[in-house]
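Structure first, commentary second.
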Amino acid sequence: MSQRVVDKIDGIVHDISNLVKSKGFPELPVDRNPPFGDFALICFPAAKSLKRNPNDISEEIGKEIQENDWIISAKNENGYCNVSIDWNKICVDFIDEISKSNYGKGDIEPKNILIEHTSANPTGPFHMGRARNPIIGDSIARLLGYYGHNVSTEYYVNDTGRQAATLAHGIAEYREGEEKKIDHALVEYYRSASDSLKNDESVRNQIYEKMELIESGNKEALNEVKTAAEKMLEGMKVSLRELGAEADNYYHESDLIATGKVNIVIDQLKKSDLCSEEKGAYYLDLEKENIAGRNQKFFFTRDNGLSLYTTRDIAYHIEKFKKYDRALNILGEDHKLQSKLLGIALREINCKIPETLFYSFVNLPGGKMSTRAGRVVYLDDIMQQITDLAMQKLGEIEDKEKLAKQIGIGALRYNILKVQAEKGFTFNIEEALNLQGDSAPFAMYSHARAASILRNFEKKLPKPDVESELEESEIRLLRTLSKWPEIVRKSVENLAIHYIPNYAHTLASDFNQFYRDCPVLGDQNEGFRINLVMCSKKILNENLSILGIEAPERM
RNA sequence: GCCCGGAUGGUGUAGCUUGGAAUCACAGAAGCCUGCGGAGCUUCAAACCCGGGUUCGAAUCCCGGUCUGGGCGCCA
């Protein structure tokens with residue numbers, strides 16, 4: 001049998017459907033994910049058209065399809081005919097298939113894809129509120145890469161505008177040699193500059209002058225803000241590295257001004273039919289674009305002719321599409337309108353439009369995260385706490401510190417990734433620190449168990465021959481393994497990363513049950529089972545690596 | 001006010017695209033270590049925001065509410 005097993009199963013379902021039709025039944029809906037067996041034929045529509053009891057129809061159909069060689073049982077249950085495939089006949093081929101390196105990957109034409117994620121303003125250390133962005137962005141990048149695309153990630157650095165000018169003003173006072181991590185040290189200077197901006201007129205004037213210089217393209221001013229931002233980013237990058245989510249490239253907004261690319265965009269936008277002018281400031285009139293809100297004027301220059309943040313964002317996206325087939329932005333839900341406007345502007349100048357993945361904000365149990373109210377939780381602190389906890393849980397083991405970090409960071413990433421991005425998220429430290437149940441350590445632990453069996457086996461993997469009938473928990477594990485390619489495909493197509501941790505939990509759980517029921521070493525079915533262990537470990541490993549979680553051999 | 005999301009056991013979640021027998025975990029109750037690693041396994045108890053509609057069948061689709069998050073720019 002050279003056919004792929006997953007296709008073989010599809011084929012069996014198809015054949016059975018045809019068989020049922022040839023016996024004079026109407027087409028029956030199929031449930032590919034039934035509570036029992038491999039698929040179910042739903043007999044209610046037939047009950048209606050044939051005016052018969054669905055249980056009788058289901059019984060009758062069950063008898064007909066039992067004849068099929070690939071079917072081991074077909075039983076009625078409340079009008080559902082639950083069909084089980086004979087896994088004994090296909091499991092050996094299936095093991096071969098999973099062992100291959102392309103199992104689970106897409107059969108696609110690879111595209112060059114740029115994923116922009118995080119892009120937090122470089123004004124201070126990361127909050128937990130922003131943590132969803134790098135974690136989702138990085139994992140989506142890994143997912144698309146696993147599927148077969150060429151993926152790069154990029155962080156867009158907002159180093160112009162008022163915040164950047166304020167930062168540059170503030171950190172002029174900074175002297176090297178503080179003990180704190182640099183972003184935690186610099187944020188104090190930013191805060192004090194920010195206060196002066198509000199309360200001290202001369203500071204305010206200085207900062208606004210600086211802004212003017214920046215936007216008008218003054219090389220010296222641009223260099224100053226860029227350097228200031230880079231200094232802050234130095235510390236922020238350390239956090240991203242700890243998280244395992246550092247971007248491949250950093251693109252500075254200041255460079256868009258320095259190279260004159262923004263001015264080209266302004267000229268192009270002025271040619272749009274939607275363009276109007278008001279007191280010297282230019283805007284696109286979006287009344288006909290069904291844009292909500294009172295103000296439908298989308299300004300792209302100030303009255304002094306200089307650019308705005310959004311104008312630069314448009315220029316940035318033009319640059320993206322010069323190099324990439326697809327561009328995906330990972331954005332907080334506060335950017336929805338902004339992103340829509342960006343799309344319209346790009347359309348007006350005949351540029352491709354980026355795809356977007358929005359996530360809801362992270363809140364704290366008592367309400368919003370707010371710097372002003374002092375309700376801030378730093379990513380660095382959470383990474384430290386969760387790593388410390390993992391440290392306590394570990395026994396005496398080699399490389400304990402490294403392992404604790406892998407477990408801690410893994411648990412954090414998993415905790416965030418397992419929930420749909422668009423769902424509201426309340427960050428609960430207690431829950432994130434719970435390393436049992438539906439968590440990264442659970443999957444990591446199953447992986448380590450599998451690794452342990454393979455270590456103890458000490459021989460080369462044999463051919464996966466089956467000597468005795470498969471146990472229920474082996475079939476269950478095989479079924480779960482057979483769904484992996486479909487899970488990956490769905491996750492890629494919907495840009496929905498949460499399917500991946502959900503699957504990891506199912507697979508780990510099925511593996512643990514197999515582990516309980518089926519001795520591997522020394523069993524008469526050792527040859528098959530050791531291969532099944534190897535396959536489970538392989539998929540668990542690939543799954544965790546998409547999530548950016550290490551899969552250690554021991555823990 | 002207008003625009004865009006969300007609502008599922010006590011808590012947190014999956015399922016919604018493509019209608020079919022409600023997922024999983026935490027917390028609670030009761031069990032399982034002379035077994036390849038107990039961060040494990042088994043059992044019990046517990047949920048689809050409210051009204052209508054379509055359908056043999058609705059958590060899922062349609063209409064109308066309620067509550068809740070986000071947005072409404074010469075800011076970034």
Discussion item. Regarding Leu308(A), tell me which of base, sugar-phosphate or nothing describes its non-hydrogen contacts under 4.0 Å with the strands shown.
Written reply: sugar-phosphate

Item to complete: Output yes when at least one side-chain N/O atom of Asn456(A) is less than 4.0 Å from OP1 or OP2 of C36(B), else no.
Response: no

Worksheet item: Which part of the nucleic acid, if any, lies within contact of Met444(A), taking any heavy atom under 4.0 Å across all strands shown: a base, the sugar-phosphate backbone alone, or nothing?
Response: nothing

Discussion item. Heavy atoms only, 4.0 Å cut-off, all strands: where does Ser452(A) land among base, sugar-phosphate and nothing?
Written reply: base

Worksheet, complete the sentence: If pairing means Watson-Crick or G-U wobble with both distances under 3.5 Å, then the partner of C2(B) is G71(B)

Practice prompt. Classify the angle between the aromatic ring planes of Tyr316(A) and Tyr156(A) as parallel (below 30°), tilted (30 to 60°) or perpendicular (above 60°).
Written response: parallel

Discussion item. If I take atom CG in residue Leu540(A) and atom P in nucleotide G40(B), what distance separates them, rounded to the nearest angstrom?
Written reply: 14 Å

Worksheet item: Expressed in angstrom and rounded to an integer, what is the separation of Lys336(A) atom NZ from C3(B) atom C1'?
Response: 10 Å

Fill in: U54(B) to U11(B) separation - C1' atoms, rounded to the nearest Å
35 Å

Discussion item. Checking side-chain polar atoms at under 3.5 Å, does Ser468(A) have a donor or acceptor matched by the opposite partner on Asn525(A)?
Written reply: yes

Worksheet item: What is the nucleic acid contact for Thr310(A), judged by heavy atoms within less than 4.0 Å: base, sugar-phosphate only, or nothing?
Response: base

Item to complete: Take atom CD of Gln513(A) and atom P of G40(B), then tell me their distance rounded to the nearest Å.
Response: 13 Å

Worksheet item: Distance-only, no hydrogens or angles: does the Arg32(A) side chain make a donor-acceptor pair with backbone N or O of Asp38(A) under 3.5 Å?
Response: no

Worksheet entry | P-based separation of A22(B) from A27(B) [nearest Å] | 26 Å

Worksheet entry | Contact pattern, 5' to 3', of nucleotides 12-21 of chain B - B, S or - by protein heavy atom under 4.0 Å | SSSS-B--BB

Response to the item:
Re U23(B): Watson-Crick or G-U wobble partner, both distances kept under 3.5 Å, found to be none

Worksheet item: What form does the base of C33(B) take, syn (within 90° of 0) or anti?
Response: syn

Worksheet entry | Interatomic distance, Phe514(A) CZ vs U42(B) C1' [rounded to whole Å] | 19 Å

Fill in: Ion pair check, Glu472(A) and Arg476(A), cut-off under 4.0 Å
no

Discussion item. Determine whether Phe361(A) and Arg132(A) satisfy the following criterion, side chain to side chain contact (heavy atoms under 4.5 Å, CB included), listing intermediate values before the conclusion.
Written reply: CA-CA 8 Å; Phe361(A) 276 159; Arg132(A) 234 176 165 177; over 6 Å; no

Fill in: Pairing nucleotide - A7(B), Watson-Crick or G-U, each distance under 3.5 Å
U66(B)

Worksheet item: Between the side chains of Arg413(A) and Ser139(A), is a donor N or O closer than 3.5 angstrom to an acceptor N or O?
Response: yes

Item to complete: Could you check which of C74(B), G40(B), C72(B) has an atom nearest any side-chain atom of Asp303(A)?
Response: C74(B)

Worksheet entry | Interatomic distance at C1', G31(B) relative to G38(B), whole Å | 14 Å

Practice prompt. Could you tell me which nucleotide pairs with C44(B) by Watson-Crick or G-U wobble geometry, both distances under 3.5 Å, or answer none if nothing does?
Written response: G28(B)

Worksheet entry | side chain to side chain donor-acceptor pair (under 3.5 Å) between His317(A) and Asn329(A), intermediate numbers included | CA-CA 10 Å; His317(A) 281 85; Asn329(A) 297 337; 3.0 Å; yes

Response to the item:
Whole-Å distance, Asp334(A) CG to G73(B) C1', equals 13 Å

Discussion item. Can you work out whether Gly161(A) or Asp517(A) has the more 5'-proximal nearest nucleotide on RNA chain B?
Written reply: Asp517(A)

Item to complete: Remember a base hit wins even if backbone is also touched, and classify Glu422(A) as base, sugar-phosphate or nothing at under 4.0 Å, heavy atoms.
Response: sugar-phosphate

Worksheet item: When all nucleic acid strands are considered with a 4.0 Å heavy-atom cut-off, which category describes Leu394(A): base, sugar-phosphate, or nothing?
Response: base

Discussion item. Can you measure Asp510(A) atom CG to U23(B) atom P for me and round it to whole angstrom units?
Written reply: 15 Å

Fill in: Near-parallel close stack of Tyr445(A) and G40(B) base (under 5.5 Å, under 30°)
no

Worksheet item: Between Glu253(A) and Thr160(A), is any side-chain donor less than 3.5 angstrom from a side-chain acceptor?
Response: yes

Worksheet entry | Pair Ser119(A), Glu116(A): side-chain N/O donor-acceptor within cut-off below 3.5 Å | yes

Worksheet entry | Distance between C1' atoms of A7(B) and U18(B) (Å, rounded) | 23 Å

Item to complete: Send over the distance from Arg476(A) CZ to C41(B) P, rounded to a whole Å.
Response: 11 Å

Worksheet item: What is the distance, rounded to the nearest whole Å, between atom CZ of Arg516(A) and atom P of G31(B)?
Response: 19 Å

Discussion item. Applying a 4.0 Å non-hydrogen cut-off, can you work out what Ala47(A) is touching in the nucleic acid: base, sugar-phosphate, or nothing?
Written reply: nothing

Discussion item. Categorize Leu306(A) for me: base, sugar-phosphate, or nothing, with a 4.0 angstrom heavy-atom threshold over every strand shown.
Written reply: nothing

Discussion item. As a test of reading the structure: which of G37(B), G40(B), C74(B) is closest to the side chain of Arg554(A), going by heavy atoms?
Written reply: G37(B)

